[in-house]
Amino acid sequence: QVQLVESGGGLVQAGGSLRLSCAASGVIFSRVTMGWYRQAPGKQRELVARIMPSYTTTYADSVKGRFTISRDNAKNSVYLQMNSLKPEDTAVYYCNAYSYALGYDYWGQGTQVTVSS
């Protein structure tokens, strides 16, 4: 029974901040790579940020310096702090849990982020 539940999306003005959360259950959380992906209307899904079990992080060039991904293994949660938001950040944001070794590739249902000018 694997479940990823995103929260924290909403409407914010350009320059503002949002913090997305993803709570995972049914996975060996400390051993999975957690990621945030987004898909804007008319665009392909893209990786926003990911954090590995080693806590190594990766960011899309478009969000570097503005977004921060973190994880709390004790809470089985991953977060995405989004600062200096731009209208082009508007998208549905999805949480992902992946492990090649464990055969995991799970997705949340997504949370809408809308940034207005």
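Numbering starts at 1 and runs along the sequence shown.
Residues Leu80 and Val5 fall into different hydrophobic clusters, defined by Ile, Leu, Val, Met, Phe, Trp and Tyr side chains chained together at heavy-atom separations under 4.5 Å. Taking hydrophobic clusters as Ile, Leu, Val, Met, Phe, Trp and Tyr residues chained together by side-chain heavy-atom distances below 4.5 Å, Tyr106 does not share a cluster with Tyr37. Under a hydrophobic clustering in which Ile, Leu, Val, Met, Phe, Trp and Tyr are joined whenever their side-chain heavy atoms come within less than 4.5 Å, directly or via other members, Val48 and Tyr79 fall into different clusters. Hydrophobic cluster membership is shared by Val92 and Leu47, with clusters built from Ile, Leu, Val, Met, Phe, Trp and Tyr side chains linked at under 4.5 angstrom. In the hydrophobic cluster analysis, where Ile, Leu, Val, Met, Phe, Trp and Tyr join through side-chain heavy atoms closer than 4.5 angstrom, Trp36 is grouped together with Phe29.
Of the inter-residue distances, the one linking Gln39 atom CD with Gln44 atom CD reads 7.0 Å to the nearest 0.5 angstrom. Taking CG from Leu4 and OG from Ser25, the interatomic distance works out to 7.5 Å, rounded to the nearest 0.5 Å.
Closest approach of Ile69 to Gly35, counting heavy atoms only: CD1-CA, 4.5 Å. Across every non-hydrogen atom of Val78 and Cys95, the tightest pair is CG1-SG, 3.8 Å. The two residues Ala24 and Val27 have their closest heavy-atom pair at CB-CG2, 4.0 Å. When all heavy atoms of Thr33 and Pro53 are compared, the closest pair comes out as OG1-CD, 3.6 Å. Closest of all the heavy-atom pairs between Tyr59 and Phe67 is CE2-O, 3.3 Å.
Between Asp89 and Lys86 there is no salt bridge, since no side-chain N of the basic residue sits under 4.0 Å from a carboxylate O of the acidic one.
Asp105 meets the side chain to side chain contact (heavy atoms under 4.5 Å, CB included) test with Asn96, Tyr98, Trp107; sequence neighbours excluded. With sequence neighbours left out, Ser54 forms a side chain to side chain contact (heavy atoms under 4.5 Å, CB included) with Met52, Thr56.
With a 4.5 Å cut-off on side-chain heavy atoms, Arg31 and Ser99 do not count as touching.
Pairs of residues two or more places apart, or lying in two chains, that qualify as side-chain hydrogen bond (donor to acceptor under 3.5 Å, both in side chains) and include a residue from residues 68-78 are Tyr55-Asn73, Arg71-Asn73. Each side-chain hydrogen bond (donor to acceptor under 3.5 Å, both in side chains) pair with one or both residues in residues 4-22, not counting sequence neighbours, appears once here: Ser17-Asn83. Within the structure, disulfide (SG to SG under 2.5 Å) pairs that include any residue of residues 34-63 do not occur (at least two apart or interchain).
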Pair up each side-chain donor or acceptor in residues 108-116 with any protein partner under 3.5 Å, not counting sequence neighbours, and list the distances.
residue, atom, partner, partner atom, Å
Thr111, OG1, Gly9, N, 3.3
Gln112, NE2, Ala91, O, 3.4
Gln112, NE2, Thr114, OG1, 3.3

#### Entry: side-chain contact (heavy atoms from CB on, under 4.5 Å) evaluation trace for Thr57 with Arg50
CA-CA 6 Å; Thr57 58; Arg50 71 170 187 261; over 6 Å; no
